[in-house]
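One structure below.
Because only heavy atoms are used, hydrogens play no part in the values below, and waters and symmetry mates are left out as well, while side chains stay in.
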Amino acid sequence: MGSGGKADLVLRGGDVYVVDAARSWAQAVAVAGGRIAAAGTDAEIAEWVGPQTEVVELGGRMVLPGFQDAHIHASAAGLERIRCDLSGAHSLAGYLSIVRAYAGQHPDAPWITGGGWSMDVFPGGVPRREDLDRVVPDRPVFLSNRDHHAAWVNSAALALAGIGSGTPDPPDGRIERDAHGEPAGTLQEGAMDLAGRHVPGPSLEEQVAGIVEAQLYLHTLGITGWQEAIVGDYAVVPDCYDAYLEADRRGLLSARVTGALWWQRGTGTGQLGDLIERRAGAGGGRFRATSVKIMQDGVCENFTASMLTPYLDAHGHPAGGQGRSFFEPGELTAAAAAADAHGFQGHFHAIGDRAVREALDAVAAARAANGPGHGRHHISHLQVVHPGDLPRFRQLSVMANCQPLWACYEPQMTELTLPFLGPQRASWQYPFGSLARSGAQLCFGSDWPVSSPNPLWEIHTAVNRTIPPGYPYAGPGAGDPFLPGERLDLATAIAAFTIGSAYVNRDEREAGSVEAGKRADLVVLDRNLFSRPATEIALANVDLTITDGQMRYDRHRLV
């Protein structure tokens, strides 16, 4: 409670969208002791104002619960921002200019590392080593792409890793090769680790700095909490467990973070003891590790997403390949059942329709073995979902973890996906509307740095199914809606990014709505999204971000 029973902070004169069960509205919010003391009319909140109360005049602006991102790689994204960050360019010339400049600024770095390149810039989505050789001939280069399912490497990196024409593809990946059978310079999926294991890992200090950098950026977008989608050793994503604990210990975390502990392939349920120990070691602060991440397949663009039927070739004929499920059904079921039995939340990566079905089957088996439970299991990405599997999300209480910014006509969709799926499967992509209509619970995540973590861009795309204004990867047809029958209404989209993601993070009793007693995690937008055309959602700005009643970002002044 503030001084003399008054509020520490009052926001008044605005449009407060409460996101409670009744989808109520208020005008003002009182905050005391880091929590929401009351939400109501300006007159009702007036009694909370005392001589020490900080009053923010909203002037008609909109207040929402702080956004929570249900699937993000904030640690890796922060590292990329302080390393060789390619995300600000979208051309070969732009990428090479950034790499050349970074290498020149870091002459003592043994490796040039970073990422953020987009597959659609390169023919077939495959960059070549020769281009990197021109700008960095003397040191190895390892750059992950936007989705972290491939790496672009130069000749020095290939040589250091011993990757040549005779190197076989690993079971869970592919070495792209040129016409002579030599490595072309792109390593897909598990093949990334052939070179990645030689890349020096970041120091603890560098990782902590990356987390702080990511948090600062996410606060500018109104994000007050997230689920870190991989915590563990995975190819191009360094294990961030110790870094989060250290950031928390130093008091550097102003957000709440749920960690999804990486389930290693080929290790089986014997790894549970280590995961349980990690969960116990992260139970007392702003970072918890209560989820288990299981990646079941790859991505459509490189034909590693697991499909029920074969991909098509460039001429529209079945090509024979159906991608690959990284876990066989029996292994996946055993993993899901064991994790569920020990109280972990299952966080599944599933892009293709076969992977989605296998993840649902695994949860069904876990439910049968352990009872209904309260696992809050969720499946992320959901690019291609067979219509027969849509009602199973509600039946199994599996949350649909959607990345809405992907559901639009960008070049990776038009050039690297649609031609190889065929009309029927193409129409099953990102079925957010169908999932909502079938009764599935939705939560939203960005998968940053795969794509932007901007919730307003993501909500815009979920509602309009078009590329938001300002999005850097627009291509032909950007203004056309992608499968408009799968649009969501604005209220559903906002709920997915607030109370829905808070629920999947086991935080809904503390955050996700503007209700008395909850943490004062709030975002102020410069306009009421409901009062403007849906086509203008992405034009809104975040003015203020608040966690625990403290200002973390103010668009108009430094905090």
> Mind checking whether Trp111 and His198 have ring centres under 6.0 Å apart?
Replying inline: no

>> Does Arg555, at its CZ atom, have more than 12 non-hydrogen atoms belonging to other residues, nucleotides or ligands within less than 6.0 Å?
In response: yes

>> Contact between Glu246 and Gln207 at the side-chain level, heavy atoms closer than 4.5 Å - yes or no?
In response: no

> So does Arg288 pair up with Glu228, basic N to acidic O under 4.0 Å?
Replying inline: no

> Knowing that exactly one of Asp507, Asp521, Asp548 qualifies, which makes a side-chain hydrogen bond (donor to acceptor under 3.5 Å, both in side chains) with Arg256?
Replying inline: Asp548

> Would you call Arg354 and Asp297 a salt bridge, using N to O less than 4.0 angstrom?
Replying inline: no

> Do the side chains of Ile230 and His148 get nearer than 4.5 Å, heavy atoms only?
Replying inline: no

>> Using side chain to side chain contact (heavy atoms under 4.5 Å, CB included), reason through Val356 and Val384 one step at a time and then give a plain yes or no.
In response: CA-CA 8 Å; Val356 173; Val384 182; over 6 Å; no

> Going from CZ on Arg139 to CD1 on Ile112, what distance comes out if it is rounded to the nearest 0.5 angstrom?
Replying inline: 4.0 Å

> Under a 4.5 Å cut-off applied to non-hydrogen side-chain atoms, are Tyr471 and Thr461 in contact?
Replying inline: no

> Do Arg146 and Ser118 have side-chain atoms, one donor and one acceptor, less than 3.5 Å apart?
Replying inline: yes

>> Donor-acceptor pair, distance only, cut-off 3.5 Å: does the side chain of Asn154 make one with the backbone of Asp133?
In response: no

> Quick one: OG1 on Thr224 to CZ on Arg519, what's the gap to the nearest 0.5 Å?
Replying inline: 7.0 Å

> Are Asn401 and Ile379 close enough that some pair of their side-chain heavy atoms sits under 4.5 Å apart?
Replying inline: no

>> Are Gln215 and Leu253 packed together at the side-chain level, in the sense that at least one heavy-atom pair is separated by less than 4.5 angstrom?
In response: yes

>> Working to the nearest 0.5 angstrom, can you tell me the gap between Trp262 CH2 and Asp233 CG?
In response: 10.5 Å

>> As an exercise, state the distance from OG of Ser87 to CD1 of Ile98, rounded to the nearest 0.5 Å.
In response: 7.5 Å

>> In this structure, is the centre-to-centre distance between the rings of His347 and His349 below 6.0 Å?
In response: no

> How about His149 and Gln188: does a side-chain donor come under 3.5 Å of a side-chain acceptor?
Replying inline: no

>> The test is side chain to side chain contact (heavy atoms under 4.5 Å, CB included); show your working for Arg278 and Val231 and say whether it passes.
In response: CA-CA 10 Å; Arg278 283 195 144 198; Val231 177; 4.1 Å; yes

>> If only side-chain N and O atoms count, and only distance matters, is there a donor-acceptor pair under 3.5 Å linking Asp447 with Gln403?
In response: no

>> If we ignore hydrogens and angles and just use 3.5 Å, is the side chain of His377 paired with the main-chain N or O of Gly346 as donor and acceptor?
In response: yes

> What heavy-atom pair brings Ala214 and Ala74 nearest, and what distance separates the two atoms?
Replying inline: CB-O, 3.2 Å

>> Is it the case that the side chain of Asn505 and the backbone of Ser501 share a donor-acceptor pair, with hydrogens and angles ignored and the cut-off at 3.5 Å?
In response: yes

>> If the threshold is 4.0 Å, N to carboxylate O, is there a salt bridge linking Arg265 and Asp172?
In response: yes

>> Using the ring centroid of each side chain, check whether Trp117 and Tyr95 are separated by less than 6.0 Å.
In response: no

> Under 4.0 Å between a Lys/Arg side-chain N and an Asp/Glu carboxylate O for Arg286 and Glu510?
Replying inline: no

> So Tyr102 and His106, would you call those rings parallel, tilted or perpendicular, with 30° and 60° as cut-offs?
Replying inline: parallel

>> Between Asp340 (side chain only) and Val363 (backbone N and O only), is there a donor and an acceptor less than 3.5 Å apart?
In response: no

>> Pair Thr258, Thr290 - check side chain to side chain contact (heavy atoms under 4.5 Å, CB included), show working.
In response: CA-CA 7 Å; Thr258 299; Thr290 55; 3.5 Å; yes

>> Could you go through Ser291 and Gln227, starting from their C-alpha distance and side-chain angles, then the distance that decides it, and tell me whether this counts as side chain to side chain donor-acceptor pair (under 3.5 Å)?
In response: CA-CA 9 Å; Ser291 187; Gln227 184 155 152; 3.0 Å; yes

>> Give me the atom names and distance for the closest heavy-atom approach of Ser397 to Arg367.
In response: O-NH2, 3.3 Å

>> I'd like to check Leu522 versus Ile36 (side-chain heavy atoms, cut-off strictly below 4.5 Å). Are they in contact?
In response: yes

>> With no hydrogens and no angle check, just 3.5 Å: does a side-chain donor-acceptor pair link Gln296 and Ser306?
In response: no

>> Can a side-chain donor-acceptor contact be found between Ser144 and Glu80 if the only test is distance below 3.5 angstrom?
In response: yes

> For Phe287, what residues pass the ring pair (Phe, Tyr, Trp, His ring centres under 6.0 Å) criterion, not counting sequence neighbours?
Replying inline: Tyr244

>> Keeping Asp69 on the side-chain end and Ser446 on the backbone end, is there a donor-acceptor pair under 3.5 Å?
In response: yes

> Closest heavy-atom contact between Ala362 and Leu332?
Replying inline: CB-CG, 3.8 Å

>> With a 4.5 Å cut-off on side-chain heavy atoms, are Leu194 and Arg197 touching?
In response: yes

> Do the side chain of Ser325 and the main chain of Ala355 share a donor and acceptor less than 3.5 angstrom apart?
Replying inline: no

> Is it the case that more than 12 heavy atoms not belonging to Gln264 sit under 6.0 Å from its CD atom?
Replying inline: yes

>> For Arg557, is there an ion pair with Asp554 - N to carboxylate O distance below 4.0 angstrom?
In response: yes

>> I'd like to know whether the aromatic ring centres of Tyr217 and Trp448 sit less than 6.0 Å apart in this structure.
In response: yes

> Distance from Glu458 atom CD to Asn454 atom CG, nearest 0.5 Å?
Replying inline: 7.0 Å

> Hey, are the side chains of Val99 and Cys84 touching, using non-hydrogen atoms and a 4.5 Å cut-off?
Replying inline: yes

>> Checking the side chain of Gln345 only, and the main-chain atoms of Arg376 only, is there a donor and an acceptor separated by less than 3.5 Å?
In response: yes

>> Applying side chain to side chain contact (heavy atoms under 4.5 Å, CB included) to His90 and Val121, what does each step give before you reach the verdict?
In response: CA-CA 7 Å; His90 192 225; Val121 167; 3.6 Å; yes

>> Looking at every non-hydrogen atom in both residues, tell me the closest pair between Trp457 and Ala538 and how far apart they are.
In response: CD1-CB, 3.7 Å

> Distance from Glu508 atom CD to Thr498 atom OG1, nearest 0.5 Å?
Replying inline: 12.0 Å

